[in-house]
Amino acid sequence: MKQALQGLKVVDLSQVLAGPYCTMVLADMGAEVIKIEKYPNGDDTRTMGPFVNEESHMYMMVNRNKKGVCINLKTTEGLALFKELIQSVDVLVENYRPGVTKKLGIDYDTLKAINPGLIYCSISGYGQTGPYSQKGGYDIMAQGLSGLMHMTGEADGRPVKVGFAVNDIAAAQTALQSILMAYIYKLRSGEGQYIDVSLVESGLAWTVWEAAAYFGQGELPERTGTAHRVSAPYQGFKTQDDYILVGAGNQKLWEIFAVKVVNRPDWLDNPLFATNYSRAQHVKELEAEIESELIKHKAIYWLELLDKHGVPSSPIYSYDQTLNDPHILERGMVLSYEHPTAGSMRTLGFPAKFSQTPGQLTNAAPTLGQHNEEILQALNISDQAIQQLKAAKIIGSK
């Protein structure tokens with residue numbers, strides 16, 4: 001089956017989440033991704049549980065479809081191997097702290113001299129320049145500095161981080177789209193370029209409605225729980241047995257909700273609830289009124305009624321409920337595969353459905369150094385020389 005990125009060759013020097021997620025998507029779409037892991041223990045996520053036959057679920061989740069090589073880049077011989085490999089690749093992704101790649105001799109300027117068409121993408125917490133560039137930056141710090149934690153949680157509660165590593169994934173997606181744009185430019189011009197992506201800026205760039213409120217009216221986005229800042233009712237509400245989400249986000253839906261779902265046409269005459277703006281300004285009063293009705297029946301009753309009348313709604317699932325929902329399963333968002341040491345495994349599927357060049361799960365995540373021989377033989381290095389590299393601790397495997 002055809003894939004969109006067949007022929008694209010990528011070296012992945014990154015580890016943990018942001019970089020590996022970016023290169024996983026490239027690999028899912030057909031790129032040849034060679035993951036170069038540090039000697040002797042590899043990607044840090046290999047030490048993070050849970051484990052199956054000593055293989056990390058964390059590592060396997062974002063490194064599928066890649067080829068794995070373990071090279072000691074701190075040695076002259078290892079660096080020479082890397083530079084020989086880099087001559088034939090289109091893209092390099094790394095997430096070292098700024099300045100480290102120059103010390104190792106694998107910075108963009110050095111590699112550009114070897115491969116002028118190279119697209120080199122650096123992912124870091126704060127970017128390669130600026131007063132914070134040398135600070136260590138994990139996802140939670142990026143959530144804090146980008147303002148995300150300040151606007152997440154209940155109004156009278158403590159700041160709360162998003163339940164998954166959202167700035168890491170934002171950086172992965174920013175790097176992915178930037179690499180593809182640079183690749184399109186390379187196809188037209190033959191020129192590579194350097195891309196600088198940060199976790200902070202990637203998350204900040206997603207706060208478009210909040211920026212509109214701040215730049216437009218000087219309004220600071222505060223914590224609102226599940227409620228929307230400018231639309232109501234658009235939040236979670238308590239029913240007799242559980243919480244549900246209701247999104248009556250325009251006037252027509254509001255009127256249907258009030259009249260046909262909860263049988264409260266009198267709400268339409270209440271000046272506090274007359275318009276979307278007024279409802280958003282009096283969201284606490286609206287919430288109390290709505291919950292006084294929803295508490296009369298169980299969640300499933302209301303969800304079925306909301307669906308019947310076309311008012312957007314949803315249960316609030318636990319993660320196991322999500323992964324076993326019939327819609328999620330029919331859409332192929334849970335895949336099964338065989339790992340050479342971990343055995344039968346499950347992973348997440350492909351969120352975009354392509355009619356001609358779909359994503360494919362062709363290979364499990366590599367064991368440490370699994371493809372050393374294959375990659376080095378492609379560089380015309382003999383089997384004897386490979387064994388000597390192993391003995392000299394230039395390359396490693398599990």
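These numbers come from the heavy atoms of this one structure, side chains and all, not from hydrogens, waters or symmetry mates. Numbering starts at 1 and runs along the sequence shown.
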Taking the side chain as every heavy atom from C-beta outward, state whether [X] and [Y] have any pair of such atoms under 4.5 Å apart.
| X | Y | answer |
| --- | --- | --- |
| Lys9 | Val91 | no |
| Trp267 | Ile290 | yes |
| Leu245 | Ser313 | no |
| His57 | Val52 | yes |
| Trp254 | Pro233 | yes |

Please answer whether the main-chain N or O of [Y] pairs with a side-chain N or O of [X] as donor and acceptor at a distance below 3.5 Å.
| X | Y | value |
| --- | --- | --- |
| Lys296 | Gln240 | no |
| Ser231 | His228 | no |
| Glu287 | Lys284 | no |
| Ser56 | Met48 | yes |
| Asn276 | Val230 | yes |
| Asp44 | Val16 | no |
| Trp302 | Leu294 | yes |
| Asn372 | Cys70 | yes |
| Arg223 | His150 | yes |
| His371 | Gly68 | yes |

Please check if the number of heavy atoms outside [X] that lie under 6.0 Å from its [atom1] is greater than 12.
| X | atom1 | answer |
| --- | --- | --- |
| Glu222 | CD | yes |
| Lys112 | NZ | no |
| Lys260 | NZ | no |
| Lys238 | NZ | yes |
| Lys2 | NZ | no |

Drop me the distance from [X]'s [atom1] to [Y]'s [atom2], to the nearest 0.5 angstrom.
| X | Y | atom1 | atom2 | value |
| --- | --- | --- | --- | --- |
| Ile195 | Gln177 | CD1 | CD | 10.0 Å |
| Asp139 | Leu17 | CG | CG | 8.0 Å |
| Asn250 | Lys252 | CG | NZ | 8.0 Å |
| Glu84 | Leu376 | CD | CG | 9.0 Å |

Point to revise | Working for salt bridge (charged side-chain N to carboxylate O under 4.0 Å, His left out), residues Glu293 and Arg264 | key: CA-CA 9 Å; Glu293 296 296 329; Arg264 288 295 302 270; 2.8 Å; yes
Going by atom types alone, do [X] and [Y] pair a side-chain donor with an acceptor below 3.5 Å?
| X | Y | result |
| --- | --- | --- |
| Tyr59 | Gln15 | no |
| Asp241 | Thr239 | yes |
| Asp107 | Thr110 | yes |
| Gln387 | Asp383 | no |
| His339 | Thr341 | yes |
| Asp325 | Tyr317 | yes |
| Ser133 | Gln128 | no |
| Thr357 | Gln3 | no |
| Asp12 | Thr23 | yes |
| Tyr185 | Glu191 | yes |
| Ser318 | Gln321 | yes |
| Asn65 | Gln360 | no |

Co-membership, hydrophobic cluster, residues [X] and [Y], 4.5 Å side-chain:
| X | Y | value |
| --- | --- | --- |
| Tyr319 | Ile316 | no |
| Met60 | Ile34 | no |
| Ile386 | Leu368 | no |
| Val62 | Tyr96 | no |
| Tyr337 | Leu348 | no |

Practice prompt. Check the pair Lys398, Glu37 against salt bridge (charged side-chain N to carboxylate O under 4.0 Å, His left out), reporting the backbone distance first and the verdict last.
Written response: CA-CA 12 Å; Lys398 183 176 178 181; Glu37 299 186 61; over 6 Å; no
- Message: Check this for me: does any side-chain nitrogen of one of Glu289 and Arg279 sit under 4.0 Å from a carboxylate oxygen of the other?
- Response: no
By side chain to side chain contact (heavy atoms under 4.5 Å, CB included) - contacts of [X] (at least two apart):
| X | value |
| --- | --- |
| Asn115 | Val89, Leu118 |
| Pro312 | Leu253 |
| Thr174 | Ser178, Val197, Ser202 |

Tell me who clusters with [X], hydrophobic residues only, linked when side chains sit under 4.5 Å apart either directly or through other members.
| X | answer |
| --- | --- |
| Phe51 | none |
| Val283 | none |
| Ile140 | Tyr126, Tyr132, Tyr138, Met141, Leu145, Met149, Val200 |

Paired with Val100, the side-chain contact (heavy atoms from CB on, under 4.5 Å) test is passed by just one of Lys103, Lys102, Arg97, namely Arg97
Quiz item: Between Lys35 and Asp43, does a salt bridge (charged side-chain N to carboxylate O under 4.0 Å, His left out) hold up when you go through it step by step?
Solution: CA-CA 10 Å; Lys35 184 176 178 71; Asp43 189 317; 3.0 Å; yes
Which is it for Ser122 and Glu94 under the side chain to side chain donor-acceptor pair (under 3.5 Å) test, yes or no, and what are the steps along the way? CA-CA 5 Å; Ser122 295; Glu94 58 89 4; 2.4 Å; yes
- Which pair of non-hydrogen atoms, one from Thr275 and one from Gln251, has the smallest distance, and what is that distance?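 Between these two residues, the closest heavy atoms are CA-OE1, 3.9 Å.
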* List the steps, then state whether salt bridge (charged side-chain N to carboxylate O under 4.0 Å, His left out) holds for Arg229 with Glu210. => CA-CA 9 Å; Arg229 293 181 180 84; Glu210 293 70 26; 3.0 Å; yes
Inset, instruction - Could you check whether the rings of Tyr108 and Tyr194 sit parallel, tilted or perpendicular, using 30° and 60° as the cut-offs? - result: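 Tyr108 and Tyr194: tilted rings.
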